[in-house]
Q: 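The structure that follows is given in the form of structure tokens.
To find a chain, count down the sequence lines: A is the first, B the second, and so on, and within it residues start at 1. This one's a predicted model, so the numbers in the text were calculated from it and none came from an experiment.
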Number of protein chains: 2
Amino acid sequence: MESYKIPKKSVERLSIYKRILKVIMDAGFTTVSSRELAERAGLNSAQVRKDLVYFGQFGTPGMGYQVSMLHRAITKIMGLHKKIPVALTGVGNLGQALLAYPGFKERGFIIEAIFDNDHEKVGKKKNGLKILDEKNISSEIKKKKVRVGIIATPPSAAQFAANKLIEGGIKGILNFAPIELKVPSGITVVNVALCEKLEMLSYYLSKRKLL
Amino acid sequence: MESYKIPKKSVERLSIYKRILKVIMDAGFTTVSSRELAERAGLNSAQVRKDLVYFGQFGTPGMGYQVSMLHRAITKIMGLHKKIPVALTGVGNLGQALLAYPGFKERGFIIEAIFDNDHEKVGKKKNGLKILDEKNISSEIKKKKVRVGIIATPPSAAQFAANKLIEGGIKGILNFAPIELKVPSGITVVNVALCEKLEMLSYYLSKRKLL
DNA sequence: CAGGATTTGTGAAATTTATCACAAGGAATA
DNA sequence: TATTCCTTGTGATAAATTTCACAAATCCTG
Ligand SMILES: NC(=O)c1ccc[n+]([C@@H]2O[C@H](COP(=O)([O-])OP(=O)(O)OC[C@H]3O[C@@H](n4cnc5c(N)ncnc54)[C@H](O)[C@@H]3O)[C@@H](O)[C@H]2O)c1
Ligand SMILES: NC(=O)c1ccc[n+]([C@@H]2O[C@H](COP(=O)([O-])OP(=O)(O)OC[C@H]3O[C@@H](n4cnc5c(N)ncnc54)[C@H](O)[C@@H]3O)[C@@H](O)[C@H]2O)c1
């Protein structure tokens, strides 16, 4: 299923490198070494090089990497040079924050349809989009050829929303609900483990007192 | 620094087990096997057992684990049985969603102070809390003995907010801004890598077409 | 253009993390 | 109580990931 087994962690770090490269580029530098990238990312420089080499040879010995070229390359590798139509399910507190976040559009994720099951909300507009009834998720996203779904419903409704999204032909899900979604193979789920992170923080704080 | 090097991943999974145990408990079951926990979490059963054994022996051969006992044990291990006073910096879209999220309180994280630098916002109330000026972060949180800070400011202000929080005596930070925070040793930072997750999803979708 | 200074890409080694597989413990039944 | 069945905890093994360390490539200076 995975092509040539590139570690998930490497893919995630690619995103970090891209962000750092942007900062370096905006500061006016044209080249950067793996050592500097590593330092800024809090990593080992060999790891930076290994990560990049999974995707091609971008560096020049003695000089490092062309900042803008590498930034462009990573953008393309990650598929962030093309627009992706997205649907949002659950227009609650978090859903509305996501809707207002310009970072989605900047990365080419265009929110095309938003859904809720609350009849107080359905029909109203948010950020220029009419909130649609969750009953129509699959038909609406088929119509709009949506490829990615965001789940920001309560956990109890998350599997239901996922099923509807998949029925509508979606291929990837960004899941904010604290629940393990069951999806057929071929569907990519990325969990934003917000609650887990919170609890990890609690663990590391409470442990401190024992030391 | 780490006590007996327990993998970070194991700690994160502990949180997942706890969530699943709650579901099983509410469904009326009193015992559960590592096999069942593993299945629900999408993991290997040996891993579940290994994870749990890092923290003690909770199971009974032939029977499995006492659901409520294990749930209580994990809650305690993670320090979620005590209240932790929290401060939020950046009362924007995301900050307000977090403020409205009951899950914080449920886990014992009590938001005691909220800060912003926007003078339109400072002085107004949100969820019963007055928005305070970011200038006073350190003094206010010293006063309230806050132990955890949440950063939901734009990335450009995140390091500044972190510094102020640390100055005020905070020990842990939950960071939502896409930036690597520099903190002195002894301060725990947990990043919620929202943008990275989003970009990972893009990567896995764009790769699909090549296969 | 030679020589010194860098920095890449990459095998090999080390470390970390996950899985296997099974002896031993305990429950349940008769 | 003996027997059967199940499931834990764990040593051994395997797999994945990170780090080391260095030859080869390129830059830069004089
Ligand atoms: N807000 C946070 O800070 C936060 C933090 C951690 C996790 N989460 C998780 O993110 C998710 C959303 O959180 P929230 O705070 O926005 O919750 P919320 O209750 O504010 O919003 C949920 C929305 O989903 C809608 N909904 C319910 N069932 C639906 C369905 N079947 N189809 C479509 N929409 C449906 C509700 O009407 C509501 O508008 C939850 O799963 C929550 O656990 C949120
Ligand atoms: N909203 C999202 O869906 C989303 C998604 C991914 C990442 N993030 C990240 O989360 C963070 C918050 O996002 P947001 O959408 O809420 O942004 P936002 O612009 O809506 O809110 C940011 C808030 O921080 C305040 N602020 C600025 N400087 C400050 C300072 N020095 N001290 C205190 N407050 C300050 C602003 O006045 C504003 O109220 C950002 O770093 C963003 O990149 C947000």
Q: For the pair made of CD1 in B:Ile6 and P in C:dT16, what is the distance, rounded to whole Å?
A: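 Checked: the CD1 to P distance equals 14 Å.
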
Q: What integer distance in Å separates B:Leu52:CG from D:dT7:P?
A: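 Taking atom P of D:dT7 as the reference, CG of B:Leu52 is at 16 Å.
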
Q: Give the nucleotide from the list C:dG9, D:dC20, D:dT8 with an atom nearest to the side chain of A:Asn44.
A: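 Of all the options, the side chain of A:Asn44 is nearest to D:dC20.
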
Q: Whole Å only: how far is the NZ atom of B:Lys8 from the P atom of D:dT17?
A: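 Rounded to whole Å, this separation is 16 Å.
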
Q: Nearest to the B:Pro61 side chain among C:dG25, D:dA16, C:dT10, which nucleotide is it?
A: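 The closest nucleotide is C:dG25.
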
Q: Can you confirm whether B:Leu94 sits close enough to A:Leu94 that some side-chain heavy atom of one is under 4.5 Å from a side-chain heavy atom of the other?
A: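 The answer is yes; the side chains approach within 4.5 Å.
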
Q: Using whole Å, what does the distance between atom C1' of nucleotide C:dT17 and atom CZ of B:Arg49 come to?
A: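 Taking atom C1' of C:dT17 as the reference, CZ of B:Arg49 is at 16 Å.
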
Q: Under 4.0 Å: is that the gap between some side-chain N or O of B:Arg13 and OP1 or OP2 of C:dA18?
A: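 Affirmative; the distance criterion is met.
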
Q: Nearest whole Å is fine: how far is C:dT7 P from A:Arg35 CZ?
A: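 From A:Arg35 CZ to C:dT7 P: 6 Å.
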
Q: Considering only heavy atoms and no angle criterion, is a donor-acceptor pair shorter than 3.5 Å present between the side chain of A:Lys50 and the base of D:dT19?
A: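 Checked by distance alone, the answer is yes.
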
Q: Report which part of the nucleic acid A:Ser34 touches: base, sugar-phosphate, or nothing (heavy-atom distance under 4.0 Å, all strands).
A: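 Sugar-phosphate, no base atom in range.
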
Q: Answer yes or no: is there an ion pair linking B:Arg107 with A:Glu199, defined by an N-O contact shorter than 4.0 Å?
A: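 Here B:Arg107 pairs with A:Glu199 in a salt bridge, since their nearest N and O are under 4.0 Å apart.
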
Q: Indicate yes or no: does A:Glu112 engage A:Lys145 in a salt bridge with an N to O separation below 4.0 Å.
A: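 The answer is no: the pair does not qualify as a salt bridge.
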
Q: Could you tell me whether the phosphate oxygens of D:dC6, OP1 or OP2, come under 4.0 Å of any side-chain nitrogen or oxygen in B:Tyr65?
A: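 Indeed not, no polar side-chain atom of B:Tyr65 lies that close.
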
Q: Could you say whether B:Met63 or B:Ala46 is positioned toward the 5' end of DNA chain D, judged by the nucleotide with the nearest heavy atom to each?
A: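 Of the two residues, B:Met63 wins.
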
Q: Check the distance between D:dT8's P and B:Tyr54's OH and give it to me in whole angstrom.
A: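 Whole-Å distance recorded here is 17 Å.
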
Q: Can you find a side chain N or O atom of B:Gln57 that sits less than 4.0 Å from OP1 or OP2 on C:dG25?
A: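 So the side chain of B:Gln57 is outside the cut-off, no N or O lying under 4.0 Å from OP1 or OP2 of C:dG25.
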
Q: Among D:dC27, C:dG26, D:dT17, which is the nearest nucleotide to the side chain of B:Thr60?
A: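 Within the option list, the nearest is C:dG26.
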
Q: Salt bridge or not between B:Glu36 and B:Arg40? Use side-chain N to carboxylate O under 4.0 Å.
A: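 Salt bridge between B:Glu36 and B:Arg40, a charged N being under 4.0 Å from a carboxylate O: yes.
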
Q: Do NZ/NE/NH1/NH2 and the carboxylate oxygens of B:Glu12 and B:Lys9 come within less than 4.0 Å?
A: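 Salt bridge absent between B:Glu12 and B:Lys9.
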
Q: Separation of B:Gln66 atom CD from C:dG26 atom P, in whole Å?
A: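 From B:Gln66 CD to C:dG26 P: 14 Å.
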
Q: Without decimals, in angstroms, what is the distance between B:Glu39 CD and D:dT7 P?
A: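 The distance from CD of B:Glu39 to P of D:dT7 comes to 12 Å, rounded to the nearest Å.
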
